[in-house]
Structure formats: structure tokens, C-alpha cells
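Note that the structure is predicted; figures quoted are calculated from it, not measured.
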Amino acid sequence: SFAPKNGLPKKSNVSGLLSTAADAMQRTHGGRHCRIGLKNIANTCYMNSIIQCLSHARPLRQLVLSGALESSRSSASTGGGYVKEMCNLIRRLWNPVHGEQAIAPHELKSLIGRHNRRFIGASQ
């Protein structure tokens with residue numbers, strides 16, 4: 001059985017799950033991965049995880065890299081500022097500046113902090 005009474009997979013099945021997930025990702029994304037990563041700044045680990053997941057969604061990535069998404073949502077009043085910063089981050093993840101190992105999402109974190117003071121600073 002795949003899931004015992006506690007709902008978690010058996011230890012012997014975990015490596016099989018990881019292998020299956022990796023195989024699915026290779027098929028889904030054509031084996032492509034971001035070229036660089038994101039630096040955690042203060043309390044951005046969850047935000048960075050979301051950015052990485054979104055950047056690996058092929059349809060979204062293709063829209064961003066082609067410039068189509070950003071041009072369709074340019075108004076800051078309708079969330080265009082967030083779209084612009086997300087597009088910028090995704091472009092940098094897939095097309096880094098020479099020698100860049102990781103990027104820190106300062107601009108997006110700052111934008112979020114301006115709209116919700118809870119996210120200013122480093123508190124969790």
C-alpha cells in the first residue's frame with residue numbers, strides 16, 4: 001500500500017516518489033531549470049518558493065520571456081507593478097547577467113511592504 005494509516009508514504013516509497021516527481025518535471029519542462037536561484041532576504045523564503053514554482057510553469061514562463069504578459073498588464077493600479085516585478089525576476093532567473101549566481105528579490109519585497117506594512121522588515 002502506498003499510504004499507511006498516518007497518511008504518509010512508507011520510507012521505502014519516498015525515493016520512488018522523488019524519482020517519479022523528477023521524471024514528471026523533466027517531461028513537463030523539457031528538462032529546463034532556472035539558471036540561477038534566489039537569495040533569501042529577511043522573510044522571503046516562502047515568497048521565493050512561489051517565485052521559483054511560477055517561473056517553472058512553462059506557459060507563464062513563455063509569456064514572460066516573450067514580453068507578452070507584461071505588455072498586457074501595464075497599469076500599476078491594476079496590479080501592474082507586481083506583474084512587472086515578477087516578470088523582471090523570472091527573466092533574470094532564466095537569463096542571468098554574466099557571473100550572477102543568485103538574485104535577491106528586493107524590489108518585489110519592497111513593493112509588497114508598501115501595500116502591507118506587515119511585510120516591511122524581517123519579522124516572520
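Atom OG of Ser55 is separated from atom CZ of Arg91 by 13.0 Å, given to the nearest 0.5 angstrom. Between the CG atom in Leu65 and the CD atom in Gln62 there is a gap of 8.5 Å [rounded to 0.5 Å]. Going from atom CE of Met86 over to atom CD1 of Ile51 covers 5.0 Å, rounded to the nearest 0.5 Å. To the nearest 0.5 angstrom, Met47 atom CE is 5.0 Å from Ile112 atom CD1. Rounded to the nearest 0.5 Å, atoms NZ (Lys84) and CG (Leu108) are 13.0 Å apart.
Scanning both residues, Gln101 and Ile36, for their nearest heavy atoms gives O-CB, 3.2 Å. Across all their heavy atoms, Ile41 and Pro105 have their closest contact at CD1-C, 4.0 Å. The two atoms that bring Val64 and Cys87 nearest to each other are CG1-O, 3.5 Å, heavy atoms only. Across all their heavy atoms, Leu111 and Glu85 have their closest contact at CD2-CG, 4.2 Å. Across all non-hydrogen atoms, the minimal contact from Ala42 to Lys109 is CB-CE, 4.0 Å.
For the pair Trp94 (side chain) and Leu89 (backbone), a donor-acceptor distance under 3.5 Å is absent. No donor-acceptor distance shorter than 3.5 angstrom exists from the side chain of Ser110 to the backbone of His106, with no hydrogens or angles considered. Of the possible donor and acceptor atoms, none in the side chain of Asn40 sits under 3.5 Å from a partner among the backbone N and O of Asn48.
Arg114 is linked by a side-chain hydrogen bond (donor to acceptor under 3.5 Å, both in side chains) to nothing, counting only residues two or more places apart in sequence or in another chain. For Glu107, there are no salt bridge (charged side-chain N to carboxylate O under 4.0 Å, His left out) partners, not counting sequence neighbours.
Residues Ile50 and Ile90 fall within the same hydrophobic cluster, defined by Ile, Leu, Val, Met, Phe, Trp and Tyr side chains chained together at heavy-atom separations under 4.5 Å.
Residues Ile103 and Lys39 have side chains not in contact (no heavy-atom distance under 4.5 Å, counting atoms from C-beta outward).
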